[in-house]
Amino acid sequence: MHPIHRSVFMLAIIIFSFGQAVAESEQARPLWEAGIGGFAGSIPDYPAAGQNTFRALALPYLIYRGDILRVGGEENRGAISGRFIKSDRFELDVSLSAAFPVDSGSNSARRDMPDLDFLFGIGPQLIFKLVNEPGHRTLNLNLQVRSIFSTDFSSINHRGYVFEPKLNYTREHVSDLDLKVFASAGPIFTTEKLMDYFYEVKDRYVTPSRRAYDADAGYLGSNITLGVSKRFNKRFRLILGTRLGLHHGATNDASPLFKEKLNMGVFTAFTWSFKQSELPAR
């Protein structure tokens, strides 16, 4: 895999995974902007994994806030989307998601098994705006359905489907530091094909400590994200947060690759916009 491809995809992961909960008002936001985004954090290798991996990266980014096409940006939940319907009460768009790859040689539970490749997903997202007070607070119910694919950049494989209903809450201008706090929570349900990708152990990978296992469709777990962000000026923002993976009662908790019922990741990220259009977004 070419290093440039790997870096571009990892930057997409930063935006998709941690930008979505830090939405803000579009008032006076430029139509487009270019800058540098950075991320560092300790992230679970996969849902219910027994190990975390440290990730760090800084790369250029581009944000575009068109009437329909939206690329990046906090107010777009960090996604690439087509905003087909938008009102004060609900919104319908198409969005993407992504996840880091895993080197199985560095994970004790998966040693001598195939690596987990980059995962990315695409699908519709229906957003119900339960509380919509721009510049103050928001509470959204996001209903997300995505088709999931894996790639090592030599081929692409379909890995099934995910349904992820989620509550997203943000509150701005908190304390004298003028912070923004954000939180999201929701369950994840997946088809058997994706469960097999995470938890299946075929006969040829059986060891004395790793028995054969065939995964089933169902409940993967629930994610809770908590964080805070600080905008120092119109161009620079710093984000700190944590993500909890709760896997109690997960369908495939009997898999030998299912190691922990509680996963925790911590992360920090920043965005610095060095070029912005004079024309504002509508």
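In this chain, numbering begins with 1 at the start of the sequence shown. Only a predicted model underlies this, so the values are computations on that prediction, with no experimental measurement involved.
Atom CH2 of Trp32 has more than 12 neighbouring heavy atoms from other residues, nucleotides or ligands inside a 6.0 Å radius. By the neighbour-count criterion of 12 heavy atoms within 6.0 Å, atom CG of Asp88 is sparsely surrounded, having that number or fewer from other residues, nucleotides or ligands. A 6.0 Å sphere centred on CZ of Phe90 holds no more than 12 heavy atoms belonging to other residues, nucleotides or ligands.
No side-chain heavy atom of Val181 sits under 4.5 Å from any side-chain heavy atom of Leu226. Counting heavy atoms from C-beta outward, Asp115 and Val102 have side chains that stay 4.5 Å or more apart. In this structure, Phe182 and Thr225 have side chains that are in contact, with non-hydrogen atoms separated by less than 4.5 Å. Looking only at side-chain heavy atoms (C-beta outward), Leu262 and His247 stay at 4.5 Å or farther from each other. Annotation: side chain of Ser147 is in contact with side chain of His158 (closest heavy-atom distance under 4.5 Å).
Note that OH of Tyr46 is 7.5 Å distant from OH of Tyr199, once rounded to the nearest 0.5 Å. Put simply, OH on Tyr219 and CE on Met195 are 10.0 Å apart, with the number rounded to the nearest 0.5 Å. With rounding to the nearest 0.5 Å, the separation of CG in Leu240 from OG in Ser229 is 9.0 Å.
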Could you walk me through whether Asn52 and Ser42 pass side-chain hydrogen bond (donor to acceptor under 3.5 Å, both in side chains), step by step?
CA-CA 6 Å; Asn52 283 23; Ser42 176; 3.2 Å; yes
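For an aromatic pair to be called close, the ring centres must be under 6.0 Å apart, and Phe153 with Phe118 satisfies this.
In the model, Thr138 has no side-chain atom that pairs as donor or acceptor with a side-chain atom of Glu133 under 3.5 Å. Remark: the Thr53 side chain and the Asp45 side chain contain an N/O donor-acceptor pair separated by less than 3.5 Å.
Ion pairing between a basic and an acidic side chain is recognised when a charged N comes within 4.0 Å of a carboxylate O; Lys129 and Glu91 show such pairing.
Taking the ring axis of Phe270 as reference, the NZ or CZ atom of Arg237 does not stay both within 45° of it and closer than 6.0 Å to the ring centre.
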